[in-house]
Each structure stands twice: as structure tokens, then as C-alpha cells.
Amino acid sequence: IAKFEKKWISLMANLGLYNKIKQTYSLNKTQVTEYGYRSLILIVDGLSLEKLESNREYIQDSYGCMCVFNKNKRSNLINAEFILKTPTNLKFKPIEKLNPWEVYLGNGYSGEPIIVDMLKWPHCLITDGTRSGKSKMTDCILTSLITNCSEKDLELYLIQVAKSDLVLYEDVKQCRAFADDLEKSLVVLSHLEEIMNERNDTIRPYRKQAKADNYQDYNKINAIDKMSTIY
């Protein structure tokens, strides 16, 4: 840890990341982890997260790692992860006992599963270069959803025009529609619009009474006539 922190001071000096009274970003409570190091970085007056982020590539090259910096809005502390290695022998296994609105994206650099609550974050954009793992991540998502959810709990509407790897899921019970050209895609999207409008009309009276804000709130009130989770 001492060697790691000493190098940090050297990097800050080389980058000129100091304020007017010669204070810099300081590492605090540094820990060794299974993937590298974790530390809290104090932001002193005159510096910012943006200034540190703009030099992240240089820091990564110097340490030979990947850096992840996160900060709460009103905090002067940055949660920093320095990732020197990632799990290499993990075998895919669907996560069990997930709710229909919980999406398993894969495993993080610590090996722990990354699960997203889609009630809080209802949109997921997966993007990167060729052969970066986008399709594998999509397989993680779909396989875990299908494993955990019945056709009553889950509805999948799959649209894929450019490729054909999602055809694997066309015949599963949870898949209500599969579109592989633009004409079919329009039909599926139009159908989804009708469903969403119908759901909105059903939930609206409960929303007016402050009883339900989304379909899960509605399901708690109407146990017999539950709405499924739609992707």
C-alpha cells in the first residue's frame, strides 16, 4: 500500500494536479482487494472530480490498471477502484431467485453479480466495440429472466434486424413476439404502445388516489389480476 500511495504522489506531481497552496488529491483508507486497490480520494479546494477524470488515462497507463471514480453529489470524497485483475475462470450460471424486474448483467471485477432493479432504472443501453461481449451480456440477461420467471410473470418482445443470435429465444414460452425485419418491428412496437396505453389507463385511477405509481404497486393491490413484467 505504501508503494502504491507513493507512486500516486509522484503521478500527481508529474500531472501538475495541485491547487495554489500545493495541495493535491490524497489517497485515504487504501485497501488491498482481490482485484487491486480501493481508496477514498479527498478533493481539496481548487480541484475537482472532472480534473482527475481528464487525466484518468495517464493514471491507468502508469499503474497498468483500470480506474473507476465515483462521487456522491454533495461529497468531497471520491470512491476510487484500481482494477489490476479481473476474474478469468468464472463459468456462466443463471442467478436464481430473482424477481422479474431484476436484471442480471454479469459479474463485476470483484466477481460479484451485477443486478439492476429495473423499477428504478427502466432502460438499459449496452454499447461497445466488436467482440467486446455485448451479445454475451444480453444472453446473461435473457437466460436469467427465463430461468426465474414463468410466462405469467414475464413477457419478452425481441426485435433484432441486423443479426440473428436472439433467434435462440424465439420459441421460449415467455417470448410473445420476435421481429427480424423492419415491417415486423413496426407491428411489435405498435402492439407494445397499445399495451402501455392500456396499462396507463388502468393504473391512472390508483395514481390519482396516491395508491399506485407503477405496475408493481398495482399488483400489490390487485393480487388476482396482476400485470406481468414486460421487456
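Both backbone and side-chain heavy atoms feed into the values below; hydrogens, waters and symmetry mates do not.
- Residues satisfying the salt bridge (charged side-chain N to carboxylate O under 4.0 Å, His left out) criterion with D180, sequence neighbours excluded, are K184.
- Not a single ring pair (Phe, Tyr, Trp, His ring centres under 6.0 Å) links Y215 to another residue, sequence neighbours left out.
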L145 vs T229, test: side-chain contact (heavy atoms from CB on, under 4.5 Å). Steps then yes/no.
CA-CA 10 Å; L145 285 171; T229 299; over 6 Å; no
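- Between F69 and F82, the ring-plane angle classifies as perpendicular under the 30° and 60° cut-offs.
- If you chain together hydrophobic residues whose side chains sit under 4.5 Å apart, W101 and I115 never meet in one group.
- A search for side chain to side chain donor-acceptor pair (under 3.5 Å) contacts involving S150 returns D153, not counting sequence neighbours.
- In plain terms, the two heavy atoms of N107 and P113 that are nearest each other are ND2-N, 3.6 Å.
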Would I1 and V32 satisfy side-chain contact (heavy atoms from CB on, under 4.5 Å), going step by step from the backbone distance to the final call?
CA-CA 7 Å; I1 290 175; V32 176; 3.8 Å; yes
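- Among residues two or more places apart in sequence or in another chain, the ring pair (Phe, Tyr, Trp, His ring centres under 6.0 Å) test is passed with Y104 by none.
- Residue pairs meeting the salt bridge (charged side-chain N to carboxylate O under 4.0 Å, His left out) criterion with at least one member in residues 114-129, sequence neighbours excluded, do not occur.
- Residue V187 shares its hydrophobic cluster (ILVMFWY side chains chained together at separations under 4.5 Å) with no other residue.
- Considering only residues two or more places apart in sequence or on other chains, Q174 meets the side chain to side chain donor-acceptor pair (under 3.5 Å) condition with none of them.
- Applying the salt bridge (charged side-chain N to carboxylate O under 4.0 Å, His left out) test to residues at least two apart or on different chains, the pairs with a partner in residues 38-47 are R38-E81.
- The side chain to side chain donor-acceptor pair (under 3.5 Å) test applied to E53 returns R56, not counting sequence neighbours.
- Between Y157 and H191, the two ring planes are tilted [angle within 30° to 60°].
- Remark: Y18 engages no residue in a ring pair (Phe, Tyr, Trp, His ring centres under 6.0 Å) (not counting sequence neighbours).
- Residues meeting the ring pair (Phe, Tyr, Trp, His ring centres under 6.0 Å) test with Y231, sequence neighbours left out: none.
- Every pair passing salt bridge (charged side-chain N to carboxylate O under 4.0 Å, His left out) that includes a residue from residues 212-221 is listed here, sequence neighbours excluded: R207-D213.
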